[in-house]
Amino acid sequence: RKAYPSAVTIFGAKGDLTRRKLIPALYNLYIANHLPAIFSIWCVDFLPSDIDVFKKELLSGVNEFSRSGKADPRQWEAFAEHIYYLQGDFNKEDTYMQLKNEITAFETESKQRGIRMFYFATAPRFIETIAAALYMHKLCNNRNQHRIVVEKPFGTDLASAKKLNQFLVKRFDEKQIYRIDHYLGKETVQNIMAFRFANYVFEPLWNKKYIDHIQISVAEQVSVGKRGGYYDSSGALRDMIQNHLLQLLCIVGMDCPGAYKAETIRDAKTKVLKSVRPFTAAQVFKQVIRGQYTAGEINEVPAVAYRQEEHVAAESNTETFVAMKLFIDNKRWEGVPFFLRTGKSMTRQSSVIVVQFKDSPHKIFKDDIVPNRLIISIQPELEISLLFESKVPGLQMKLVPVEMDFTYQDAYTETLPEAYEALLLDVLHGDATLFMRADQVEAAWKVVMPVLDAWKKNPSKQLQFYKSGSWGPAVASNLLKPYAKEWFRLP
Ligand code: BG6
């Protein structure tokens, strides 16, 4: 892929995302020679900052969060030469005029019009302001080479997401807009496509005839921590289900796209979302469990209750846990339940997709046979395993379930890039395959809207409390009946 000179602008350069994710990702791309020879990173934020102090802050972020560990001082120096700080109010014209002068000068010097990437790492309330200013100042007016990257949350409900989409597509071409869902950049998530569509052995089984049910579980050990201000008006449904978990559902549930191309893949995923059976208001309280963590212990360290977290209302009913059962109404999945679950302050981090195959219709063995199960571990374990029955060595025909494992650790020596590395590079190369299209985002909001509406009307109805450090409210397992006794988790 050809690398053009690139000017990357980060709005919200003093924020957490820049320090934790964006700069470490750009640094790792740089040391692996993935960035073009000519590039600059314009960091824009409201607060004044001395450039050297600012670079030191970024370096400490790299040292703390980069997957490659502490930065090599010489490489960091060389990388940091490309970083500039621009103090500016997102609401003021001056900011954009100055930015335009800088980028134009950079492009004149590099003697080529290159790629421009504008990354919105800001609070959502600034998205429209910045987008309007970029448009007005003609900073992002080349549909082939200028791109904007919009972080989640993309709207807070269907209406606001639609409004934001309309706002953006009035000013930019859809192909200039990169809506991030960082789960799509995860190595193990990308591998599900390869696993499903490059291996013919599973595809014939991937349907209602052979699959009993599917569990998609993203358990987090972290609490909301310092993010209470954002989280309390969001909740797990908006923060995780509407985007990350529904995207996993799409990858597991989609039909084989006609080609490995952005539009065909996004079409196939959108089709899944549009086929999800809408919840009626009454079904919401039967098929969706919401929970909130109370005080407890995580790894023997006391953990506070959600309601005691900073910037969280003392009587908050915001959910920090969601489990739901949904169906995809199409020929492939008719009648197969998909169970989704996510929560914070849980026992430990564990993101897994479990495909539970049906029991054998004809039994010739006396033992209790455990039906086949495919386990795709996304994080922190990186593996795919298949559970099957095997004869225990000995003089009797005795069967036990065993696992056939593929682990990244055993199979590869390569280190895994961070999701943001893959995604930022894709933006520079103009590849939108792993990004959300407008209709996809809206279709995902449509799936969760009946739940949001029912909960809004009944703010505390059936809110279940669970102890920090547990696997969530016990009733969440009832959802699985009669398909499974409990949520599958790694030992
Ligand atoms: C973010 C959510 O999108 O994803 C966070 O806002 C969540 O609440 C995070 O913790 C999880 O991402 P990861 O990559 O750590 O699984």
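In this text the structure is predicted, and so the values were computed from the model without any measurement. Every number for a ligand or one of its atoms is a count from 1 in the order of the listing. Values reported hereafter were calculated over all heavy atoms of this structure, with side chains retained and with hydrogens, waters and symmetry mates removed.
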**Message:** Can you confirm if the NZ or CZ of Arg437 lies within 45° of the ring axis of Phe435 and under 6.0 Å from the centre of its six-membered ring?
**Reply:**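 Output no; distance or angle outside limits.
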**Request:** Start with the C-alpha gap between Ile216 and Val354, add the side-chain angles, then the distance that decides, and say whether side-chain contact (heavy atoms from CB on, under 4.5 Å) holds.
**Result:** CA-CA 6 Å; Ile216 301 178; Val354 178; over 6 Å; no
**Request:** With sequence neighbours excluded, give me every salt bridge (charged side-chain N to carboxylate O under 4.0 Å, His left out) pair touching residues 9-29.
**Result:**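 For residues 9-29, and leaving out neighbouring residues, the salt bridge (charged side-chain N to carboxylate O under 4.0 Å, His left out) pairs sorted by first residue read Lys14-Glu57, Asp16-Arg20, Arg19-Glu64, Lys21-Glu418.
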**Asp181: partners by side chain to side chain donor-acceptor pair (under 3.5 Å), with sequence neighbours left out** =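 Result, side chain to side chain donor-acceptor pair (under 3.5 Å) vs Asp181: His244.
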**Prompt:** Which residues satisfy the side chain to side chain donor-acceptor pair (under 3.5 Å) test with Thr433, sequence neighbours excluded?
**Reply:**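 Thr433: side chain to side chain donor-acceptor pair (under 3.5 Å) contacts with Asp431.
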**Message:** Students should find this: residues with any non-hydrogen atom under 4.0 Å from ligand 1. What is the answer?
**Reply:**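 Its neighbours under 4.0 Å (heavy atoms only) are Lys152, His182, Tyr183, Lys186, Glu220, Arg227, Asp239, Met240, His244, Lys344, Gln379, given by chain and number.
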**Request:** Check whether any side-chain N or O of Arg238 sits under 3.5 Å from a backbone N or O of Thr156 as a donor-acceptor pair, and report yes or no.
**Result:**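 The answer is yes, because a donor-acceptor pair under 3.5 Å joins these two groups.
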